[in-house]
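Since the structure comes first, as structure tokens, the remarks are kept for the end.
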Protein chains: 2
Amino acid sequence: MGLEFPLKIDKSVVKSFPMFERMPDADVDALLSQAVSKRIGPGEAFFEQGGAATHFFLLLNGRLKVTQVTADGQQIIVRVVHPGDLFGFAKALRRSDYPGTALAVIESLALCWATELWPQFIDRSPHLAVSALNTIGQRLEEAHTRIREISTEEVERRVAHTVLRLTKQAGRAEEAGVRIDFPITRQDIAEMTGTTLHTVSRILSAWEAKGLVEGGRQKLLVRDIAGLQALADSDGR
Amino acid sequence: MGLEFPLKIDKSVVKSFPMFERMPDADVDALLSQAVSKRIGPGEAFFEQGGAATHFFLLLNGRLKVTQVTADGQQIIVRVVHPGDLFGFAKALRRSDYPGTALAVIESLALCWATELWPQFIDRSPHLAVSALNTIGQRLEEAHTRIREISTEEVERRVAHTVLRLTKQAGRAEEAGVRIDFPITRQDIAEMTGTTLHTVSRILSAWEAKGLVEGGRQKLLVRDIAGLQALADSDGR
DNA sequence: GTGTCTCTTTGATCGAGAGCAAAGAGCGGA
DNA sequence: TCCGCTCTTTGCTCTCGATCAAAGAGACAC
């Protein structure tokens with residue numbers, strides 16, 4: 001089942017996350033004492049779409065994609081989960097099942113709390129309730145941004161925005177540019193932008209020819225952030 | 001400036017909204033004593049995109065559309081605000097300006113609180129904090145649904161889903177069917193579905209020919225909910 | 001009533017991007 | 001080292017829906 005209890009180790013990691021950094025040590029200890037940690041490998045999931053929402057989670061390290069599958073089998077990537085993000089909780093409040101699947105793209109470690117602990121979790125610290133609201137508010141804003149992009153922008157600009165967002169959220173500086181710090185396929189990018197892997201591949205090839213990015217199997221290195229930004233900002237003309 | 005203080009009248013209305021119905025009278029009174037009510041007419045806005053987020057609001061009656069305008073002037077409708085909805089608050093938590101414009105489509109009345117009162121607002125009742133989280137969680141879910149629809153469905157199904165959602169949120173039963181209970185243009189529907197008014201018009205005309213809906217200037221009556229639902233569910237085949 | 005808006009309808013054209021097909025290419029396993 | 005799998009690239013075709021254009025048609029003011 002992959003359960004572990006390395007709570008001593010986790011504490012410093014947890015305290016390094018913005019959401020917890022101002023929380024008194026005693027409160028952090030109390031929260032951690034109720035948590036279980038769970039490690040899963042790439043391709044495994046913390047929870048699956050439609051499954052009973054028994055737990056909510058905090059990602060300590062690794063990387064997840066939250067996907068939704070439509071009735072007719074099409075998949076989209078709702079968001080990417082980075083270390084320090086809470087996940088699997090937005091819905092634990094209102095509904096009893098998970099609206100998506102949280103799939104690890106690399107080996108990932110998360111803390112798990114039983115859903116029933118949620119009220120306690122936010123009571124523990126008023127600051128945390130506000131943090132949770134902020135987090136989810138931010139996520140809502142991102143979702144609206146994405147709706148706006150999908151509704152009004154042509155594919156190339158959407159892909160540019162998505163890639164830029166990924167560099168901000170998961171970029172690692174290298175000599176040649178900024179690398180997306182986890183394995184990502186053309187298909188993934190397609191599912192984040194509402195297009196097909198073919199179109200993404202064509203676009204990335206064109207960018208590579210212009211020296212904007214450097215591709216590779218499940219790899220992406222952005223060589224010219226400013227150039228890509230210019231492309232994303234240009235209003236279609 | 002359109003400010004009024006009909007707080008006696010408001011109280012019963014406020015208490016009829018799900019978010020407040022379990023709140024003790026004293027708490028409701030306390031909240032209302034800090035509120036100002038404001039009435040605006042169609043075409044006016046409670047706040048504008050980019051303006052300083054000085055207040056958050058509760059819609060008592062009327063109907064609003066929250067819009068965002070892109071850099072190149074394209075507009076989308078982020079959501080429709082119905083009586084009983086909080087609005088203009090998601091961002092008051094994290095950012096200092098409003099991310100969209102809250103435009104009245106009919107004469108509308110809202111309660112207004114200064115942004116600084118928000119912490120007090122949620123402290124007033126733990127139940128309210130949970131309600132706020134639920135509300136915003138629900139909104140996030142809706143946003144994801146919309147992203148999924150725009151990403152994977154062709155226009156006709158998206159319009160069907162949007163119209164069905166409107167009948168649920170703002171439908172009024174009539175002999176001939178369910179009427180969308182506020183003035184809505186083809187352009188509005190286009191901005192909710194990420195298409196153009198031309199395409200929406202063509203689709204509605206086709207539906208009218210099939211007896212599914214009945215159109216009119218800024219009017220829409222759904223005659224056959226089930227038929228429309230079938231159309232929305234059919235997976236493109 | 002008449003004029004003037006704004007909203008709606010419908011036709012015709014055109015292009016972005018989906019869908020289909022098939023050939024590379026990196027990577028892990030035996 | 002070779003095989004097989006998955007991911008990627010590229011060409012071709014075709015369709016959905018955007019765009020352009022212009023003609024109705026409610027609603028409201030005068």
Side-chain angles (χ1 to χ4, degrees), chain A residues 41-43 65 70 72-77 103 105-107 149-160 162-163 180 182-191 193-209 213-221 231 234-237, chain B residues 41-43 65 70 72-77 103 105-106 149-160 162-163 180 182-209 213-221 235-237:
Chain A
K65 52 184 183 187
T70 63
D72 52 319
Q74 293 208 67
Q75 185 173 278
I76 65 155
I77 295 182
L103 205 69
V105 293
I106 52 177
E107 180 169 303
E149 287 175 3
I150 300 187
S151 299
T152 66
E153 299 177 354
E154 71 277 31
V155 174
E156 186 173 16
R157 287 180 67 198
R158 297 197 319 247
V159 175
T162 298
V163 169
I180 308 290
F182 61 94
I184 186 167
T185 67
R186 306 291 180 263
Q187 177 73 39
D188 287 335
I189 297 177
E191 288 173 9
T193 48
T195 180
T196 63
L197 80 161
H198 306 275
T199 300
V200 171
S201 178
R202 274 179 244 273
I203 289 171
L204 290 184
S205 295
W207 287 355
E208 188 147 14
V213 303
E214 214 171 287
R217 188 190 171 86
Q218 303 198 351
K219 285 192 201 21
L220 191 56
L221 174 77
L231 215 161
S234 73
D235 54 345
R237 280 177 288 112
Chain B
K65 52 185 184 186
T70 63
D72 51 319
Q74 293 208 66
Q75 183 173 279
I76 65 156
I77 295 181
L103 205 67
V105 293
I106 53 177
E149 287 175 3
I150 300 187
S151 300
T152 66
E153 298 178 354
E154 71 278 30
V155 174
E156 187 173 14
R157 289 179 66 197
R158 297 198 319 249
V159 175
T162 298
V163 169
I180 308 291
F182 62 94
I184 186 165
T185 68
R186 306 292 180 261
Q187 177 75 36
D188 288 334
I189 298 177
E191 288 174 8
M192 287 192 264
T193 49
T195 181
T196 62
L197 80 162
H198 307 275
T199 300
V200 170
S201 178
R202 274 179 243 274
I203 288 171
L204 291 184
S205 295
W207 288 354
E208 188 147 14
V213 302
E214 214 172 289
R217 187 190 171 87
Q218 302 199 351
K219 286 192 199 25
L220 192 55
L221 173 77
D235 52 346
R237 280 177 285 113

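A note on names: the letters A, B, ... follow the listed sequences, proteins ahead of strands, and every chain is numbered from 1. None of the values given here were measured: they were computed from a predicted structure. Atoms considered below: every heavy atom in the structure, side chains included; atoms not considered: hydrogens, waters and symmetry mates.
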Less than 4.5 Å apart, any side-chain heavy atom of [X] and any of [Y]?
X: Val200(A); Y: Thr195(A); value: yes
X: Thr162(A); Y: Val159(A); value: no
X: Thr199(B); Y: Thr193(B); value: no
X: Val155(B); Y: Arg202(B); value: no

Rounded to whole Å, how long is the line connecting atom [atom1] of [X] with atom [atom2] of [N]?
X: Ile189(A); N: dT8(D); atom1: CD1; atom2: P; value: 8 Å
X: Leu204(B); N: dC7(C); atom1: CG; atom2: C1'; value: 13 Å
X: Glu214(B); N: dT8(C); atom1: CD; atom2: P; value: 15 Å
X: Glu154(B); N: dA18(D); atom1: CD; atom2: P; value: 12 Å
X: Ile184(A); N: dT8(D); atom1: CD1; atom2: P; value: 10 Å
X: Ile203(A); N: dT10(D); atom1: CD1; atom2: P; value: 13 Å
X: Glu208(A); N: dT9(D); atom1: CD; atom2: P; value: 7 Å
X: Glu156(A); N: dG17(C); atom1: CD; atom2: P; value: 8 Å

Do His198(A) and dT10(D) share a donor-acceptor pair, side chain to base, under 3.5 Å? yes
Between [N] and [X], is there an OP1 or OP2 to side-chain N/O distance shorter than 4.0 Å?
X: Lys219(B); N: dA25(D); answer: no
X: Thr199(A); N: dG17(C); answer: no
X: Arg186(B); N: dT8(C); answer: yes
X: Thr195(A); N: dA18(C); answer: yes
X: Ser201(B); N: dT8(C); answer: no

I'd like to know whether Ile77(B) forms a side chain to side chain contact (heavy atoms under 4.5 Å, CB included) with Asp188(B), so could you lay out the CA-CA distance, the side-chain angles of the two residues, the decisive distance to 0.1 Å, and finally the verdict. CA-CA 7 Å; Ile77(B) 295 181; Asp188(B) 288 334; 3.7 Å; yes
Angle, rounded to 10°, between the helical axes spanning five pairs at each terminus of the helix from dG1(C)-dC30(D) to dA30(C)-dT1(D)? 40°
Where the side chain of Ser205(B) meets the backbone of Ser201(B), is there a donor-acceptor pair that is under 3.5 Å apart?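 Here the side-chain-to-backbone pair exists.
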Could you pick out which residue, Arg217(A) or Arg202(A), lies toward the 5' side of DNA chain C when each is mapped onto its nearest nucleotide? Arg202(A)
When all nucleic acid strands are considered with a 4.0 Å heavy-atom cut-off, which category describes Leu197(A): base, sugar-phosphate, or nothing?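 Base, at least one base heavy atom under 4.0 Å.
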Rounded to the nearest 0.5 Å, how far does CG of Leu220(B) lie from CH2 of Trp207(B)? 8.5 Å
